[in-house]
Amino acid sequence: MGGNADAARAFREIADLLDVLGEKFKPEAYRRAARSIDSLTEELSAVAARDQLREIPGVGQAIEEKIREFLREGTIPYLEKLRREIPPGIVALMRISGIGPKTARRFWTDLGVDGPATLVAAIDAGRLEGLSGFGPKKIAKVREALAAAPSDSRRRPLREAARVAQEIVLHIRAGAPVDQIEVAGSLRRRRETVGDLDILVTSAESEKVLDRFAALPGATIVLRGPTKETIRTADGLQVDLRVVPSESFGAAWQYFTGSKDHNIATRSLARDRGLKINEYAVMRGEERLPSATEAEIYRSLDLPWIPPEIREAQGEIEAAQAGTLPRLLESSDLLGELHLHVAPGDGPERWEAQLASPVTAKLQYVGFVASELAQLSALRSWVRERTVGRVAILVGWESTPSSVDSPPAGEVDFRVLRPEGPPPKPEARRVGTGPVWVGHLGIDPEDSNGAQRLSDWVAWGLRHSVALEVTPAPFSEGLDAVAARKFAEAGGHLIVSEATLGPDRSLGLAVGTARRGWIGPGPVLNARPWRTGSGDWPPPK
DNA sequence: GCCGTTTTCGGCCCGACTGTTTTCAGTCG
């Protein structure tokens with residue numbers, strides 16, 4: 001207890017409880033503060049010690065006081081008071097699809113329902129019939145939603161969401177007349193986890209697109225209108241599709257990419273200058289301004305185009321206004337890929353195939369990583385016998401700090417440390433030859449000390465000038481954007497690996513994660529030529 | 001509850017869809 005995540009959770013709970021009470025604007029204010037706290041790169045206690053809590057977007061006097069109470073006492077009296085007023089089951093009711101604060105409150109006040117279980121009983125007893133606003137269809141929907149598995153709403157890891165989205169885009173393209181089709185939402189912003197998918201289409205025949213979308217194998221239609229359709233995949237993931245005219249594409253893409261806070265901020269800017277932005281266009285009174293591209297939308301606000309990965313209302317708008325938006329990492333900045341795994345049974349044929357993939361072929365150097373001595377020796381002989389290609393082949397060795405196997409001196413070009421438990425003694429990075437970095441560093445959701453362990457490794461990397469890795473699986477197998485940003489801002493170096501988890505580099509999820517952390521090419525080692533000589537990479541501080 | 005180089009008070013993004021409505025409320029994103 002006492003960490004940023006716990007504080008954010010407390011404020012979200014306050015927001016939910018205030019929703020039940022019918023408060024109009026306070027819930028959003030608490031949620032905004034919670035989102036800001038989640039994206040902080042340091043502990044609240046450190047910000048409080050500097051007396052800078054009010055600098056956090058969405059934190060004013062009242063929430064500052066509550067943060068201090070939370071840091072001091074581990075709880076917030078206001079939250080305790082709300083908890084005493086409202087049965088915990090009421091918040092659970094609002095989690096059910098189709099039930100919002102108004103409905104949950106009515107169940108509570110009109111029917112004495114205090115949670116999902118008593119709601120089921122009330123429906124079975126026919127007590128919803130005759131309640132104004134509740135016809136047979138609505139009652140059936142509530143009953144259905146109560147029976148549905150709650151796990152349906154779980155957020156998916158970025159990589160899983162990206163793959164599903166890619167499949168759906170291909171499915172639609174293959175069977176409907178699509179002009180433009182793009183992913184929006186948190187997937188486009190490369191959030192570490194994705195709650196649902198948003199897909200945007202322009203087409204002259206929207207009916208055909210909606211039909212094709214609904215025909216996705218295993219999908220069930222949640223709702224369908226003339227321009228909007230929502231489905232749930234066989235796996236339970238919700239996917240929204242919107243069809244807009246091509247002249248509205250920029251406005252729609254900007255709008256559906258979010259984030260919510262970013263949209264509120266941009267729309268406020270628009271209002272300040274007498275404009276109105278909706279998902280169809282920027283309007284000045286009755287006059288429609290150019291809205292076909294995102295750049296046009298931002299231009300109407302006198303802003304440069306803002307990369308989607310940093311659209312979180314965490315300073316990007318101010319930076320855009322000041323002309324100080326960071327130059328973010330691009331896939332084309334990466335000169336090397338250093339984490340192609342060697343799987344059991346792999347041989348030269350497969351390695352050559354990986355090298356021949358269109359993305360890898362553009363690189364200057366590629367590193368294959370072995371974790372068994374037999375693999376290492378097979379790799380070595382392949383590299384020796386191989387006729388020299390354009391791409392330099394490097395051989396790496398991956399092991400845990402406690403591993404007993406050790407490659408012969410001079411046989412490896414670099415070493416990858418796979419974290420296992422707490423950071424090792426500093427000597428660990430001195431074993432063997434060549435540069436060392438930490439790969440596969442993430443948080444095991446089962447590990448309650450995961451966040452602490454991550455932060456220990458980040459500190460260790462900084463202290464010993466050891467690079468950390470960003471991968472397409474932030475959180476579970478690589479730094480998340482916040483950790484990467486914190487590390488880079490403190491002077492740490494990064495390895496950005498798209499291929500750690502397979503050869504498909506095309507989605508750019510590792511680069512996206514780095515961009516989300518406001519990271520440019522500067523701290524990224526594999527955006528530099530491979531180091532020459534026998535020195536460290538980067539040099540020790 | 002937060003916020004402000006037009007504001008320290010009066011705003012707070014805004015439209016699609018559904019179900020129950022004779023004109024709109026609630027939910028959702």
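Letters A, B, ... mirror the listed sequences (proteins, then strands); counts begin at 1. Everything quoted here is computed from the prediction, not taken from an experiment.
dT21(B) sits 13 Å from dG26(B) when the P atoms are compared, rounded to a whole Å. As rounded to the nearest Å, dT20(B) and dA25(B) have C1' atoms that lie 9 Å from one another. Comparing dG19(B) with dC13(B), their C1' atoms sit 25 Å apart, to the nearest whole Å. Rounded to a whole angstrom, the distance from the C1' atom of dC17(B) to that of dC12(B) is 24 Å. Taking the C1' atom of each, dC14(B) and dT8(B) are spaced 27 Å apart, rounded to whole Å. Look at the P atom in both dG11(B) and dA16(B): the space between them is 25 Å, to the nearest Å.
At a threshold of 4.0 angstrom between heavy atoms, the contacts of E28(A) with the nucleic acid are absent. Looking at heavy-atom distances under 4.0 Å, T266(A) makes no contact with the nucleic acid at all. Residue-level contact check: T230(A) touches neither bases nor backbone, having no heavy atom under 4.0 Å from any strand.
When the P atom of dC13(B) is taken as reference, atom NZ of K260(A) falls 8 Å away, rounded to whole Å. Distance CD (E69(A)) to P (dG1(B)): 12 Å, rounded to an integer number of Å. Separating the CZ atom of R267(A) from the C1' atom of dG29(B) is a distance of 11 Å, rounded to the nearest angstrom. Note: CD1 (I264(A)) to C1' (dG11(B)) measures 13 Å, nearest angstrom. Nucleotide dG1(B) holds its P atom 18 Å from the CG atom of D261(A), rounded to whole Å. At whole-Å resolution of the value, CZ in R95(A) and C1' in dT27(B) are 15 Å apart. The CD atom of Q254(A) sits 13 Å away from the C1' atom of dC14(B) (whole-angstrom rounding). Distance, L275(A) CG to dC14(B) P: 12 Å, rounded to whole Å.
Of the N and O atoms on the side chains of T193(A) and R155(A), at least one donor lies less than 3.5 Å from an acceptor on the other residue. The closest side-chain donor-acceptor pair between W305(A) and E294(A) falls under 3.5 angstrom.
Salt-bridge formation is not detected for the pair D38(A)/R31(A): no Lys NZ or Arg NE/NH1/NH2 atom is positioned less than 4.0 Å from an Asp or Glu carboxylate oxygen.
dT8(B) is unpaired under the criterion used here, namely a Watson-Crick or G-U wobble arrangement in which both key atom distances are under 3.5 Å.
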Checklist entry - Can you check salt bridge (charged side-chain N to carboxylate O under 4.0 Å, His left out) on R190(A) and E309(A), steps first, answer last? => result CA-CA 6 Å; R190(A) 299 297 191 239; E309(A) 294 91 341; 5.3 Å; no

Checklist entry - salt bridge (charged side-chain N to carboxylate O under 4.0 Å, His left out) between D19(A) and R105(A): does it pass, once the steps are laid out? => result CA-CA 9 Å; D19(A) 261 337; R105(A) 184 178 166 78; over 6 Å; no

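In this structure, dT20(B) is classed as anti because its glycosidic torsion departs from zero by more than 90°.
Put simply, Q321(A) has no side-chain N or O that comes within less than 4.0 Å of OP1 or OP2 on dT5(B). For dT27(B), the OP1/OP2 oxygens have a side-chain nitrogen or oxygen of T103(A) closer than 4.0 Å.
Sequence order on DNA chain B of the closest nucleotides to F25(A) and Y30(A) puts Y30(A) first from the 5' end. Between R32(A) and A104(A), the one whose closest nucleotide on DNA chain B sits nearer the 5' end is R32(A).
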Item to check | Per-nucleotide protein contact string for nucleotides 15-25 of chain B, where B marks a base within reach and S marks sugar-phosphate only (heavy atoms under 4.0 Å, - for neither) | outcome: SSSSSS-----

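Within the 3.5 Å criterion, the main-chain N or O of L289(A) finds a donor-acceptor partner in the side chain of S291(A). Without hydrogens or angle criteria, N4(A) side chain to E42(A) main chain gives a donor-acceptor distance under 3.5 Å.
Tested against H262(A) for a side-chain hydrogen bond (donor to acceptor under 3.5 Å, both in side chains), the candidates R189(A), R267(A), E316(A) yield a single pass: E316(A).
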